[in-house]
Amino acid sequence: MLIQGKQMHIQIQKGDIGRYVILPGDPGRCERIARYFDEPEFLSSNREYTVWRGRLCGEPVAVCSTGIGGPSTAIALEELVECGADTFIRVGTSGGIVDSVRGGDVVIATAAVRQEGTTREYMPIEYPAAADFSVVSALHQAAKQLGYRQHVGVIQSKDSFYGEIRPSEQPTASMLREKWEAWKAAGVLTSEMECSTVFVVGAVRHVRCGGVLNVLWNADTDDTLDASPEMAERGVKTAVEALKILIQQDREEK
C-alpha cells in the first residue's frame with residue numbers, strides 16, 4: 001500500500017533498493033550490518049522498520065529490520081517485494097533445542113515448524129515453510145569458509161517468547177512441553193520467531209528466502225546465554241558472505 005508514493009510501513013519506494021536484502025529483527029542492528037556494505041546509506045525509520053542500503057560486489061543491497069514475530073515480518077517482506085527485492089536472508093538469534101546445538105553455534109534453516117499464526121492466513125498449515133535451496137547452499141558455504149561451528153536443518157518458529165522461556169507459568173504448560181519434546185525428538189535444531197513467516201510469505205510471493213541464526217544458549221542445557229556483539233556478528237558475517245556468493249552465481253547465470 002502506497003502513501004504519497006512510499007510503502008506505508010517501511011517508508012521507501014521502488015528504485016530505492018535492489019534485489020538483495022538482509023532481515024534482522026532489531027532496528028538497532030541495521031546500522032551495524034550496513035557497515036559491511038560499500039557506500040552505506042540510511043534510508044528510513046518508521047515503527048519497527050529501519051532501512052539502510054549499500055553495495056556488495058558492486059550490486060545494490062539493503063538491510064531492513066522486521067521487528068519481533070510474524071505479523072510485522074510479513075509486512076516488511078510484502079513491502080520489500082513491492083520495492084523490487086527478490087532475495088532475502090533473515091539474520092536472528094535463537095535458543096538451541098537439541099542438545100548438540102550450543103551457544104555460539106550458527107544454525108542455517110532448511111525449513112521451519114509453523115508454530116505461529118501469521119502464515120495460516122497465507123497457506124493451510126499442511127504447506128511447509130521451506131527455505132530456498134540456493135540461499136541455504138550459499139549460507140552453508142559462507143559459514144564453512146568463515147570457520148564457524150554450524151548446523152543445517154529444521155528449526156522452530158513460534159509466537160510466544162515466554163512460552164519457550166517459562167512454559168511452566170503458562171496455562172498451556174503441558175501442551176508446550178509436549179510439543180517441545182516432540183520437536184527435540186525429531187531433531188529440530190533451534191527456536192526463534194520469524195523464519196517460518198519469511199519462508200511462507202516468500203514462497204507465496206515467488207522470491208528466494210533463507211535464514212541464519214546465532215544460537216545464544218541451549219534452552220535445556222545452558223544456565224546462561226551469551227548475547228555478546230561478537231556472537232551476533234557470526235550470523236551477520238555469514239549472511240553478507242552468502243549474498244556475495246549469490247550475487248556471483250546470479251551474474252554467471254545471466
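Positions are given from 1, in the same order as the sequence printed here. Because the structure is predicted, anything quoted here is derived from the model rather than measured.
No side-chain N or O of Ser72 forms a donor-acceptor pair with one of Thr66 less than 3.5 Å apart. A donor and an acceptor atom, one from each side chain of Glu192 and Ser157, are located under 3.5 Å apart.
Remark: the backbone N or O of Gly235 is paired with a side-chain donor or acceptor of Asn214 at under 3.5 angstrom. In this structure a side-chain-to-backbone donor-acceptor pair under 3.5 Å is missing from Arg120 to Ile125. Judged by distance alone, the side chain of Glu194 and the main-chain N or O of Gly69 form a donor-acceptor pair under 3.5 Å. Of the possible donor and acceptor atoms, one in the side chain of Ser44 sits under 3.5 Å from a partner among the backbone N and O of Ile10. Checking side-chain atoms of Glu116 against main-chain N and O of Thr118 turns up a donor-acceptor pair under 3.5 Å. Judged by distance alone, the side chain of Asn218 and the main-chain N or O of Val98 form a donor-acceptor pair under 3.5 Å. Remark: the backbone N or O of Gly67 is not paired with any side-chain donor or acceptor of Arg47 at under 3.5 angstrom. Looking only at distances, no side-chain donor or acceptor of Thr238 sits under 3.5 Å from a matching main-chain atom of Leu139. At least one donor-acceptor pair closer than 3.5 Å links the side chain of Asp159 to the backbone N or O of Gly117. Judged purely by atom type and a 3.5 angstrom limit, Tyr20 has no side-chain atom pairing as donor or acceptor with the backbone of Lys244.
The CD1 atom of Ile108 lies 11.5 Å from the OH atom of Tyr148; values are rounded to the nearest 0.5 Å. In this structure, CD on Gln13 lies 13.0 Å from CD on Glu82, to the nearest 0.5 angstrom. How far CZ of Phe161 is from CZ of Arg166: 8.5 Å, rounded to the nearest 0.5 Å. Distance check, rounded to the nearest 0.5 Å: OG of Ser160 to CE of Met193 gives 7.0 Å. Here the CH2 atom belonging to Trp52 is positioned 4.0 Å from the CD atom belonging to Glu31, to the nearest 0.5 angstrom.
Contact check for Phe88 versus Asp132: no side-chain heavy atoms found under the 4.5 Å cut-off. Residues Gln170 and Leu176 meet the side-chain proximity criterion, which asks for heavy atoms closer than 4.5 Å. Side-chain atoms of Leu23 and Cys209, non-hydrogen and from C-beta on, never get closer than 4.5 Å to each other. At a threshold of 4.5 Å between non-hydrogen side-chain atoms, the residues Tyr49 and Ile75 count as touching. Ile247 places a side-chain heavy atom less than 4.5 Å from the side chain of Val61. Counting only heavy atoms from C-beta outward, the side chains of Tyr36 and Ile22 never approach each other to under 4.5 Å. Gln7 places none of its side-chain heavy atoms less than 4.5 Å from the side chain of Glu78. Put simply, the side chain of Pro60 reaches to within 4.5 Å of the side chain of Arg55, judged on heavy atoms.
Shortest non-hydrogen contact noted between Arg29 and Thr93 is NH2-CG2, 3.6 Å. Summarising the geometry of Ser191 relative to Trp180, their closest heavy-atom pair is CB-CZ3, 4.1 Å, with the distance given to 0.1 Å. Minimum interatomic distance between Thr119 and Thr197 (heavy atoms only, all atoms of both residues): CG2-CA, 3.5 Å. The heavy-atom pair separating Arg149 from Arg102 by the smallest distance is NH2-NH1, 3.1 Å. Considering every non-hydrogen atom in both Glu241 and Ala142, the closest pair reads CB-CB, 3.7 Å. Of all heavy-atom pairs spanning Cys64 and Val51, the tightest one is SG-CG2, 3.8 Å.
Open room surrounds CZ on Phe133; 12 or fewer heavy atoms of other groups in view lie less than 6.0 Å from it. Surrounding CD of Glu252 are more than 12 heavy atoms belonging to other residues, nucleotides or ligands, all under 6.0 Å away.
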**Message:** One pair to check against side-chain contact (heavy atoms from CB on, under 4.5 Å): Gln11 and His9. What are the steps and the verdict?
**Reply:** CA-CA 5 Å; Gln11 291 289 293; His9 300 91; over 6 Å; no
**Request:** Begin with the C-alpha distance, continue with both residues' side-chain angles, and end with the deciding distance and a verdict on side-chain contact (heavy atoms from CB on, under 4.5 Å) for Gln141 and Gln145.
**Result:** CA-CA 6 Å; Gln141 182 179 339; Gln145 290 173 351; 3.2 Å; yes
**Request:** May I have the step-by-step check of side-chain contact (heavy atoms from CB on, under 4.5 Å) for Gln249 and Leu246, ending in yes or no?
**Result:** CA-CA 5 Å; Gln249 290 175 349; Leu246 289 166; 3.8 Å; yes
**Message:** Assess the residue pair Tyr162 and Glu169 against the criterion (side-chain contact (heavy atoms from CB on, under 4.5 Å)); give the C-alpha distance rounded to whole Å, side-chain angles, the decisive distance to 0.1 Å, and a yes or no.
**Reply:** CA-CA 9 Å; Tyr162 286 104; Glu169 297 181 11; over 6 Å; no
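One finds a salt bridge joining Asp99 and Lys184 here, because a Lys/Arg side-chain nitrogen approaches an Asp/Glu carboxylate oxygen to under 4.0 Å.
Applying side-chain contact (heavy atoms from CB on, under 4.5 Å) to Asp86 and the options Val207, Asp250, Leu80, Val21 leaves one that passes, Val207.
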